[in-house]
Amino acid sequence: MERIYVGERAVSPATGVSRWVVVDSRTYGLQTEAVAYLASLRAQDCSPNTERVYAGRVALYLNYCLMRRLDWKAPGFLGLAGLQHWLVEAPLPSRSSRAQPGPARFRSRATANAVMTAVAEFLRFGATHGWVPASTTTLLSEPKLLRFTPPGYDAGESGQRREV
């Protein structure tokens with residue numbers, strides 16, 4: 001897969017402060033929504049490592065959407081399910097600059113789930129700012145009914161608070 005969007009560390013020439021951004025690798029133009037999302041992580045006092053990892057994961061999602069010709073703002077259920085499948089099934093690129101024959105490397109399901117978590121948070125952030133339709137964020141979670149409640153949990157009158 002061609003990497004058009006990449007997570008990059010940007011250093012302010014005025015202050016020397018380092019920030020993570022998502023840029024178009026051809027023009028180094030900022031991907032505005034992704035940069036705003038990463039800024040929100042900084043505002044929440046997340047670790048710089050979290051910001052770095054999420055920059056790469058959001059860039060991976062944007063590249064996937066370009067590759068599959070999906071609108072990143074409204075990928076649909078099949079688009080998100082396809083992303084989950086692709087993350088596990090597609091071999092990772094070689095780490096070496098030399099082409100070495102060897103066994104292909106794949107992401108684990110846990111890594112794919114971590115990427116999907118970052119994508120879901122990015123889309124939820126976009127929904128709060130009006131970039132992503134509410135129909136997209138409803139795909140990311142669904143209410144569940146607690147059959148058994150934890151000790152001390154108040155389920156409310158007639159079990160009204162069992163839904164989470």
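Residues take their numbers from the sequence shown, with the count starting at 1. Keep in mind that this is a model prediction, so the values were computed, not measured.
- In this structure, D24 and I4 have side chains that are in contact, with non-hydrogen atoms separated by less than 4.5 Å.
- No donor-acceptor pair under 3.5 Å is formed between the side chain of T136 and the backbone N or O of V132.
- Note on ring orientation: taking the six-membered ring where Trp is involved, the planes of H129 and F125 are tilted (angle from 30° to 60°).
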**Message:** Is there a side-chain contact (heavy atoms from CB on, under 4.5 Å) between V22 and L30? Walk through the geometry before answering.
**Reply:** CA-CA 6 Å; V22 175; L30 297 174; over 6 Å; no

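- Side-chain atoms of E51 come within 3.5 Å of backbone atoms of W20 as a donor-acceptor pair (strictly under, hydrogens ignored).
- The CZ atom of R19 sits 11.0 Å away from atom CG of L38, with the distance rounded to the nearest 0.5 Å.
- Across all their heavy atoms, L70 and G79 have their closest contact at CD1-CA, 3.9 Å.
- At least one side-chain heavy atom of Q31 sits under 4.5 Å from a side-chain heavy atom of L62.
- In the hydrophobic cluster analysis, where Ile, Leu, Val, Met, Phe, Trp and Tyr join through side-chain heavy atoms closer than 4.5 angstrom, V21 is grouped apart from V119.
- Side-chain contact check for W86 versus M67: some heavy-atom pair is nearer than 4.5 Å.
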Would you give me the side-chain donor-acceptor pairs under 3.5 Å for residues 105-112, sequence neighbours excluded?
from: R105; atom 1: NH2; to: P93; atom 2: O; distance (Å): 3.0
from: R107; atom 1: NH1; to: L87; atom 2: O; distance (Å): 3.3
from: S108; atom 1: OG; to: A110; atom 2: N; distance (Å): 3.4
from: S108; atom 1: OG; to: T111; atom 2: N; distance (Å): 3.1
from: S108; atom 1: OG; to: T111; atom 2: OG1; distance (Å): 3.0

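- The two residues G7 and A59 make their nearest non-hydrogen contact at N-CB, 3.9 Å.
- Closest non-hydrogen pair, G82 versus Y64, comes out as C-OH, 3.1 Å.
- Under the 3.5 Å distance criterion, with hydrogens and angles disregarded, a donor-acceptor pair is assigned to the side chains of S12 and T15.
- Contact detail for L140 and A120: the closest heavy-atom pair is CD1-O, 3.7 Å.
- Side-chain contact check for E33 versus K73: some heavy-atom pair is nearer than 4.5 Å.
- Relative ring orientation between Y37 and Y54 is described as parallel, the plane-to-plane angle staying below 30° on a 0-90° scale split at 30° and 60°.
- Heavy atoms only, all atoms of each residue included: P91 and A104 are closest at CB-CB, 4.1 Å.
- Considering CZ of R68 and CG of L83, their distance stands at 9.0 Å, rounded to 0.5 Å.
- When side chains are defined from C-beta on, S25 does not count as touching Y5, because their heavy atoms never get closer than 4.5 Å.
- Taking 4.5 Å as the limit, some side-chain heavy atom of L60 sits within range of a side-chain heavy atom of V115.
- Connection of V6 to V35 is established within a shared hydrophobic cluster, with ILVMFWY side chains joined at heavy-atom distances below 4.5 Å, either directly or through further cluster members.
- By the 30° and 60° cut-offs, the orientation of the rings of W72 relative to F122 is parallel.
- Scanning all heavy atoms of the two residues, the minimum distance from A127 to T137 falls at CB-CG2, 3.3 Å.
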